[in-house]
Amino acid sequence: MSPWPFTPSQPRDYSLPNASWSSEMQRLYEHYNNLCEMETEGGEKIKGAWRRLPSYNRSLKYATGGQCLSKLLQGKARIFTRNIEEQGAGFEYVVFVNKQEKTCVCVFQAGHLLEGPPGHVHGGAIATIIDSVTGTHATYLSGPVMTANLTVNYRSPIPLGSVVLVHSSLDKTEGRKTFLSCQVTSTDGSKMHTEATGIACLCPLVWATSWDSDGQSSRCGDGSSYCSERTAEAKQSPWAVGVLFECILFLNDQFSKTFTSH
Ligand SMILES: CCCCCCCC(=O)SCCNC(=O)CCNC(=O)[C@H](O)C(C)(C)COP(=O)(O)OP(=O)(O)OC[C@H]1O[C@@H](n2cnc3c(N)ncnc32)[C@H](O)[C@@H]1OP(=O)(O)O
């Protein structure tokens with residue numbers, strides 16, 4: 001048995017194209033993917049403003065060891081939006097973030113298992129993709145967060161199998177809270193399907209550690225936090241950010257129990 005609780009094999013990245021993607025989904029993927037890399041006049045490839053975020057069906061996929069880890073990670077758990085193995089049947093999506101503009105866009109193709117009203121997407125599935133996109137966006141901007149509030153207005157139904165764009169933008173940050181707005185539109189932007197606002201709250205333990213020993217806040221005040229700077233390197237790796245997130249939730253729980261039982 002490996003002394004390290006994680007197998008070295010790479011998990012599947014669900015944000016990459018597969019055979020179920022429609023030509024519109026593929027076209028939009030290529031459009032945003034091309035914005036991730038620019039070519040200078042000298043022909044040199046440089047990073048563009050956009051970045052594709054990889055996506056897995058677990059933050060930690062192959063954890064097997066340690067009583068604490070096993071309890072914490074629950075081997076059969078899967079990320080809700082990535083738990084249907086059949087390609088194209090559930091949530092097919094890819095998320096791109098623009099670091100400079102602090103915006104995020106998700107290209108989303110809704111599969112037949114997401115039906116609500118006949119031939120159209122279930123409202124809960126729409127809220128789910130919005131929560132995932134705003135949650136991912138807030139995590140990218142501020143560090144590990146939980147959704148504290150999500151307010152959704154459904155404007156027009158989304159046909160099953162269609163491709164839509166989920167746009168998330170940062171409204172403001174205030175203390176531990178990241179305020180986001182989200183719109184789900186047709187791919188040409190002519191039709192508004194859903195509008196939402198959300199508040200993501202930085203996990204308490206992260207917040208507690210974002211104060212210097214002299215009691216001064218180390219936050220930048222520009223939407224990026226001390227935490228996100230500290231974890232910037234970890235964010236490069238979904239494995240590392242997964243470990244970090246899971247550990248923070250666990251420690252947070254212990255922290256709360258300790259301080260509420262005395
Ligand atoms: C890779 C895929 C990413 C997917 C991302 C998916 C994201 C999710 O779905 S998370 C799951 C759903 N969310 C949850 O289960 C969260 C449950 N709630 C909680 O755990 C807690 O209420 C939590 C962490 C949000 C805040 O609790 P706590 O840390 O005790 O902070 P608390 O002091 O109550 O509130 C902190 C601030 O948020 C505000 N706040 C808390 N809840 C709300 C709310 N519902 N609406 C508005 N503001 C709120 C408080 O007023 C407070 O503001 P201020 O700092 O200005 O006084």
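One-based numbering, in listed order, for ligands and for the atoms of each. Computed from a prediction, not measured in an experiment: that's the story for all the values here.
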So is there a nitrogen or oxygen of I79 less than 3.5 Å from a nitrogen or oxygen in ligand 1? no
Closest to atom 3 (C) of ligand 1 (heavy atoms only, candidates T81, T147, T136, D131) is T136
Any chance the rings of W50 and Y32 have centres within less than 6.0 Å? yes
If you take the nearest heavy atom of each of E174, M146, R176, which one is closest to atom 11 (C) of ligand 1? M146
C201 and ligand 1 - part of the residue with a heavy-atom distance under 4.0 Å: side chain
Do S132 and ligand 1 have an N or O pair less than 3.5 Å apart? no
With no hydrogens and no angle check, do the side chains of W21 and Q109 hold a donor and an acceptor under 3.5 Å apart? no
Mark up the atoms of ligand 1 that fall under 4.0 Å of a heavy atom belonging to K177, in ascending order. 37 (C), 38 (O), 39 (C), 53 (O), 54 (P), 56 (O)
Single hit among D171, T134, T103, T173 for side-chain contact (heavy atoms from CB on, under 4.5 Å) with L180: T134
Would you say the side-chain atoms of T185 pair up with the backbone N or O of S190, donor to acceptor, closer than 3.5 Å? no
Parallel, tilted or perpendicular: which describes the rings of F108 and F91, with under 30° parallel and over 60° perpendicular? parallel
